[in-house]
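Because only heavy atoms are used, hydrogens play no part in the values below, and waters and symmetry mates are left out as well, while side chains stay in. Quick note on labels: first sequence line is chain A, next is B, and so on, each numbered from 1.
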Amino acid sequence: MILQPVIHHWRDFNRADRLAGTASVTMMVLILVALLAPLLPLDPPDQVAAHPRLSEPSADLVFGSDNLGRNMLSRVLQGARITILLSAIAVLLASVAGVAIGLIAAYSGKALDEIISRFSDIVFSFPAVLMGLLITAIVGPGEFAAICAIILVTLPPIVRVVRAAAMEVTGTDYVTIAWLSGASPARLLLVNVLPNISVPVVTQVAYSISIGMLVESALSFLGLGPQPPAASLGSLLREGSVYITVAPWLVFGPAIFLVIAIWSTNLIGEGLRVFFDPVRARCLEE
Amino acid sequence: MTTIISIRNASVQFRSGPPWAPRIVNALHNVSIDIKPRQIVGLVGESGSGKTTLGRVCLGLQELTSGTIEFSGTPIAKLDRKQLKGQLAAVLQNPRMSLNPSLRVAHSVAEPLKIDRHLSATEARKQVDKMLERVGLASGVGNRFPNELSGGQRQRVSIARALITNPKFILFDEAVSALDVSVQAQILNLLRELQSSAGFAALFISHDLAATRYVCDRVVVLYHGGIMEECGRRMLYREARHPYTRGLQAASGLIDAAGTALKLDDRAGPSSGCALFRRCPVSMPRCETQLPPTRTSGEGSVFCHLVSDAGATSSGDGDPISHDARGAAQTPFRRRSLHMPG
């Protein structure tokens with residue numbers, strides 16, 4: 001079976017950090033449900049007056065219905081899909097860019113390294129939401145602005161992690177020997193450095209995804225993310241907050257989903273750190 | 001016969017500390033060495049004596065503050081990396097760090113070959129298997145990752161990788177220090193065997209005098225970045241003349257320690273005199289103020305006032321100095337039996 005090695009690795013991962021093992025399964029279920037929502041027997045998320053307005057949660061309507069009578073569960077799943085997808089796309093782009101920039105900074109040294117490092121420090125020093133506001137002011141609200149904001153917020157830490165790890169690896173004997181045998185910079189970085197910095201990078205990327213979801217939700221909460229009728233978890237929270245005194249369940253659904261998703265991602269990040277920890281690996285060896 | 005590596009008056013300084021109060025460390029001071037084809041030159045000295053720096057200089061990894069270094073008659077600074085590829089190789093101390101942990105052994109060994117000759121994967125693999133067999137590794141080892149190998153196996157892999165492009169010069173920087181004694185012996189034997197068949201020149205850095213004697217044709221003794229003594233292998237062990245060399249021999253149990261042991265003194269040597277002055281068991285007032293002259297005799301040279309005095313009183317025709325002429329040292333020079341491999 002194709003899944004056999006995946007299950008095998010998951011077992012090791014689960015043994016290293018049970019909380020992270022559980023979180024990874026939870027996250028998997030959340031993603032699957034969010035992605036497969038259109039196939040589930042639920043009302044379409046934008047079907048107005050499918051139910052009475054602001055009806056309380058019940059067996060039929062797990063998260064109740066909103067002010068236009070739409071099924072909140074369908075809307076939350078649709079929102080989650082957008083939040084997770086935007087965050088994943090943005091972090092993917094940020095990772096590719098971050099790895100490239102970090103490697104170049106570590107390899108070039110001196111002036112270019114200094115420029116890249118100081119620039120990423122400057123970008124890092126702005127609060128995430130402020131950065132989002134700046135970008136929406138330039139490109140206008142919407143998915144594109146959200147993605148740009150997430151990239152700008154998650155990029156500097158990835159660059160830093162890659163640069164630090166790459167500098168450490170660049171000083172090792174095997175890189176020196178590869179350089180001595182005439183390897184080109186591209187070969188040095190791609191064959192000798194990149195595979196050996198994957199652990200801190202993967203861990204940082206996992207953290208970045210949770211930061212991405214948080215940033216996306218914050219922007220959407222301010223109305224700067226995806227525009228109606230599209231909804232993300234953040235915009236659902238904002239809509240719900242209007243009715244919080246009469247229909248508090250409107251915020252419960254998206255809030256619960258968001259908390260579980262971010263918490264799980266953080267736990268997975270922590271689990272990956274533990275899983276790849278060389279000290280732990282040595283303990284297992286001995 | 002042209003020399004492979006020729007270093008003339010090489011000095012390397014490292015600067016540290018803030019710009020307004022820089023601390024300058026003289027890692028190498030006025031060092032000259034020639035390494036001829038098919039010759040293994042040993043480099044001994046205690047930690048911090050500049051051995052590794054000199055090794056890095058030979059590979060062009062360390063720039064000189066002053067002096068020149070030539071590779072096959074051309075200044076190394078004028079040579080392009082591309083012209084040098086496949087000609088220089090190194091086997092370094094730590095077998096854990098010298099192989100890329102994410103590459104299979106065969107891939108690691110093939111890397112210099114692929115860079116140098118642009119061979120196809122199957123062609124390269126054939127040569128790699130041959131080379132692994134030559135260093136005494138089973139063919140299956142090529143498919144393993146470095147963390148699945150023992151220290152000795154990894155060092156063999158490093159040697160295979162160094163030899164695969166048939167380089168002119170190989171640096172062995174403490175190549176056997178991290179291994180246990182029986183594995184050391186195997187690797188040293190292998191080294192000698194490979195050297196006689198492949199015919200590379202090498203710089204063998206070690207603090208193990210016995211290993212150096214076993215492998216090298218000539219030995220250079222380094223202290224505080226300066227050469228103390230340079231001579232043929234046999235002469236070094238029978239007729240070591242510099243107090244520092246004898247101190248090293250005493251420390252490793254090759255000769256009696258009485259009267260030869262070096263003093264413990266961390267302070268730097270006098271600026272105008274002999275670097276060894278404070279630690280030398282037989283230092284004289286002159287050593288503090290005057291730089292020792294070079295005394296060349298037979299196949300070696302030595303930098304010491306005492307030896308040059310003794311040389312003046314002896315026949316003066318360049319013969320090795322007799323034991324009695326060592327004067328102030330006055331120590332019996334008994335050789336202990338050495339248990340060397342091979």
Side-chain angles (χ1 to χ4, degrees), chain A residues 5 8-9 12 99 102-103 106-111 114 161-162 164-203 205 272 275-286, chain B residues 52 55-56 58-62 79-105 107-118 145-148 154-155 157-159 161-167 169-171 173-175 178:
Chain A
H8 180 78
H9 284 302
D12 284 351
V99 167
L103 284 179
Y107 185 75
S108 63
K110 299 202 177 135
E114 202 65 25
V161 167
V162 171
M167 281 184 134
E168 202 174 304
V169 173
T170 310
T172 56
D173 291 349
Y174 56 84
V175 175
T176 306
I177 288 175
W179 183 81
L180 196 63
S181 53
S184 63
R187 192 183 180 93
L188 275 184
L189 290 177
L190 296 180
V191 176
N192 291 294
V193 178
L194 187 57
N196 297 308
I197 60 168
S198 53
V199 172
V201 175
V202 165
T203 310
V205 166
L272 286 171
F275 183 59
F276 289 124
D277 187 5
V279 176
R280 176 187 154 269
R282 223 173 294 142
C283 291
L284 286 181
E285 254 176 44
E286 280 160 8
Chain B
T52 298
R56 290 175 62 86
C58 289
L59 296 175
L61 293 168
Q62 174 68 51
L79 287 169
D80 197 352
R81 273 281 118 202
K82 280 181 190 154
Q83 288 171 282
L84 282 175
K85 74 182 172 187
Q87 311 232 24
L88 299 172
V91 179
L92 303 179
Q93 177 174 17
N94 188 346
R96 264 183 186 280
M97 294 308 290
S98 58
L99 294 172
N100 185 343
S102 54
L103 290 186
R104 287 180 200 279
V105 163
H107 196 143
S108 272
V109 176
E111 217 189 346
L113 203 59
K114 284 184 188 156
I115 295 166
D116 187 31
R117 314 231 169 109
H118 306 288
F145 284 99
N147 65 342
E148 298 166 334
R154 274 182 236 180
Q155 211 61 328
V157 172
S158 292
I159 293 174
R161 178 182 52 186
L163 283 170
I164 193 108
T165 54
N166 212 358
F169 174 76
I170 305 181
L171 170 74
D173 188 353
E174 304 272 14

Approximate separation, where rounding is to 0.5 Å, of A:Thr176 OG1 and B:Leu59 CG: 10.0 Å

Pairwise side-chain contact, B:Leu103 with A:Tyr174, heavy-atom cut-off 4.5 Å (strictly under): no

Atom CD of B:Glu148: over 12 foreign heavy atoms under 6.0 Å: yes

Positions in residues 185-194 of chain A that reach chain B, provided some heavy atom is under 4.5 Å away: A:Arg187, A:Val191, A:Asn192

Within-4.5 Å side-chain heavy-atom neighbours: B:Pro101 and A:Asn196: yes

Distance-only side-chain donor-acceptor flag, B:Asn94 / A:Asp173, under 3.5 Å: no

Heavy-atom proximity to chain B below 4.5 Å, by part of A:Ile177: side chain

Contacting moiety of B:Ala90, where chain A heavy atoms sit under 4.5 Å: both

From A:Thr172 atom OG1 to B:Arg96 atom CZ, the distance as rounded to the nearest 0.5 Å: 14.0 Å

Euclidean distance, A:Ser184 OG relative to B:Ile115 CD1, rounded to 0.5 Å: 7.5 Å

